[in-house]
> 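Okay, here's the structure, questions in a sec.
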Amino acid sequence: MSQNIRVRFAPSPTGPLHIGGVRTALYNYLFARKHGGSMILRIEDTDQGRFVPGAEAYIIESLAWCGIHFDESDAVGGPHAPYRQSDRKALYRQYSDQLIASGNAYYAFDTPEELEKLRKTAEDNKQTFTYNAESRKHLHNSLTMSKDEVDSLIAAEVPYVVRFLIPENSEVVMDDIIRGKVVVKSETLDDKVLYKSDGMPTYHLANIVDDHLMEISHVIRGEEWLPSLPLHKLLYQAFGWEAPQFAHLPLLLKPDGNGKLSKRDGDRLGFPVFPLQWNDPKSGEVSSGYRESGYFPDAFVNMLALLGWNPGTEQELFNMDELIAAFSLERVGKAGSKFDPEKTKWFNHQYLIRKSNEEIAGHFGKILSKKGFNIDLEKITRVVSLVKERVNFVNELWAESYFFFEAPQTYDDQVIKKRWKDDSPAQMQSLAIMLASLETFDTTAIDEAIKSWLETNGYGMGAVMNAMRLLLVGASKGPHLADIMAVIGKEESIRRIAAGIEKLKI
RNA sequence: GCUCCCUUCGUCUAGUCAGGCCCAGGACGCCAGGUUUUCAUCCUGGUAACAGGGGUUCGAAUCCCCUAGGGAGUACCA
């Protein structure tokens, strides 16, 4: 692999990119970076009927969020511009003509309605209609008509398509980096349309022409394309071009049952299937995204990278540079992977606890502001340091730390029953008086003071601390009590104790 | 239906190319115990798999064959 490595990610802007597509882009990116090659973004919008406004921008934004950037694309330009197939429309015609001239393709005048009817009839007889070596002999095409007939139909502007002529009785031998050698008999293939009656090429033609023109060295794409590989291979042969190397990635499967992960699965099962939230311009439907759900892009990317690929070591946490260094197509598995939302949360947790308290505090501060709290970063940072190990997401921080910012409004009934005894009010009263006398109010000072106070009075640590926790937090949870008190301060601590004693009387 | 691809714990996977180091290792989840003033974290332990059947071999998760199951494709969509 010493030649120039050039890979492309070639999405169709027909909707949002789901995580399977993101993974394909990621593997392309890792492969390109690993080998010092180029990553190209090509927009495959040859289907005029399926264009969805905003989809292209969504794809680019999603990938940028993941840290995947392109060396050549419509936005950044490049030596093979344009990078959008609709902008390259004029280019494909000559290649279609070339194939007709060389006898590798032919004109077909069958209307969609006629073909639909043939398919129906075949289906009724439990068969499948295919446009192939057998059936093309009886259909309306330049193989069955005289040259004059064909010319006059074209002159009369009768709509037609160009179909690829699959060679008879030959074997197509392909080599896939992930799957190895694959052999298919040509008679099982059908004469695919290369050029549509609307003047646009189909995916098959455009893809081969562009990959060749853009000097793509490796085509890394989803397994759903594997059945098209024989056609693509034949197309390269017909043009007399050297084909790139292929790698067909295993599919991402739904967590429950079988089948490939689809857009619908996410909201059905309660996890995002899209990197970013997507608001469908046509249906108005909103699909959740990883970004909006609170996932860190690096955690998301890490999770995705390990879904179908593994380094062969026991390392699980990789930043982008480490992924690039470790990645290889040879270590991509062959079988589809069921997506596991639980492990994805675990990845986010790992990233969250490894990020600095300051960084997390910055994110959490925004949530606090929205709730109307104006807290200085230093305090938030301290709170974060005390609770971040308890959560998977920044947006879960509030539930674990609200008591640092506001006094409890309710007190957990279960805890009251268990921890609030007859002598608790008096004990708490006395404890509050002791705390009020402290000059230094930091964790160590508080701990020491309480310890000696307990000893002097002969109280048990468990009973006292749990009752106090009830007053300060309102529930049986949270970090070390002295830490909480140190953060909220002496006055607030004493105030909460007094208020709690009052409220629990009733 | 036809073509192609795939098959190790519930899930992600190591091991398969170069058969013995694997009565199968790691991670997530789950369960139990420990630490702890609470909850959580954390620590320790446990649970659980070579799809089935034939062969080849002294020896097979690994090689060969068959069966079963799953998936993808089968458009003037990509």
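Reminder, nothing fancy here: chain letters follow the sequence lines and each chain counts from 1.
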> For Lys345(A), answer base if it contacts any base atom (sugar-phosphate contacts may also be present), sugar-phosphate if it contacts only those atoms, and nothing otherwise; contact means non-hydrogen atoms under 4.0 Å.
nothing
> Within the structure, does a side-chain N or O atom of Thr344(A) lie under 4.0 Å from either OP1 or OP2 of C28(B)?
no
> Looking at the base of C77(B), is there any donor atom on it, or on the side chain of Arg50(A), that sits under 3.5 Å from an acceptor on the other one?
yes
> Closer than 4.0 Å, any side-chain N/O of Lys388(A) to the OP1 or OP2 of U41(B)?
no
> Write down the distance between CD (Gln48(A)) and P (C76(B)), rounded to a whole number of angstrom.
16 Å
> Compare the minimum distances between each of G71(B), U11(B), C5(B) and the side chain of Leu251(A), then state the nucleotide with the smallest one.
G71(B)
> Which base, if any, makes a Watson-Crick or G-U wobble pair with G10(B), both distances under 3.5 Å?
C28(B)
> Rounding to a whole Å, what distance do you find between Leu189(A):CG and A75(B):C1'?
15 Å
> Would you say the side-chain atoms of Ser283(A) and Asp280(A) include a donor-acceptor pair closer than 3.5 Å?
yes
> Quick one: is Lys334(A) getting a side-chain N or O under 4.0 Å of the C6(B) phosphate, OP1 or OP2?
yes
> May I ask you to check whether Tyr92(A) and Tyr195(A) place their ring centers less than 6.0 Å from one another?
no
> For G34(B) and U41(B), measure between their C1' atoms and round to the nearest Å.
14 Å
> On the nucleotide U13(B), are OP1 or OP2 found under 4.0 Å from the side-chain N or O atoms that Asn310(A) carries?
no
> Taking the same atom, C1', in C31(B) and in A48(B), what whole-Å distance lies between them?
12 Å
> So do Arg469(A) and Ile484(A) actually touch side chain to side chain, heavy atoms under 4.5 Å?
yes
> Where the side chain of Leu307(A) is concerned, which of A78(B), C12(B), G73(B) is the nearest nucleotide?
C12(B)
> Measure the acute angle between the ring planes of His232(A) and His204(A), then classify it against the limits of 30° and 60° as parallel, tilted or perpendicular.
tilted
> Between G52(B) and U8(B), how far apart are the P atoms? Round to whole Å, please.
11 Å
> Could you measure between the two C1' atoms, the one in U62(B) and the one in U57(B), and give it in whole Å?
13 Å
> How far does the C1' atom of C66(B) sit from the matching atom of U74(B), given to the nearest Å?
27 Å
> Do the side-chain N or O atoms of Arg119(A) get closer than 4.0 angstrom to the phosphate oxygens (OP1, OP2) of C76(B)?
yes
> Taking atom C1' in both G15(B) and C50(B), compute the distance separating them and give it to the nearest angstrom.
10 Å
> Consider only side-chain N and O atoms of Asn141(A) and Tyr160(A), and report whether a donor and an acceptor are under 3.5 Å apart.
no
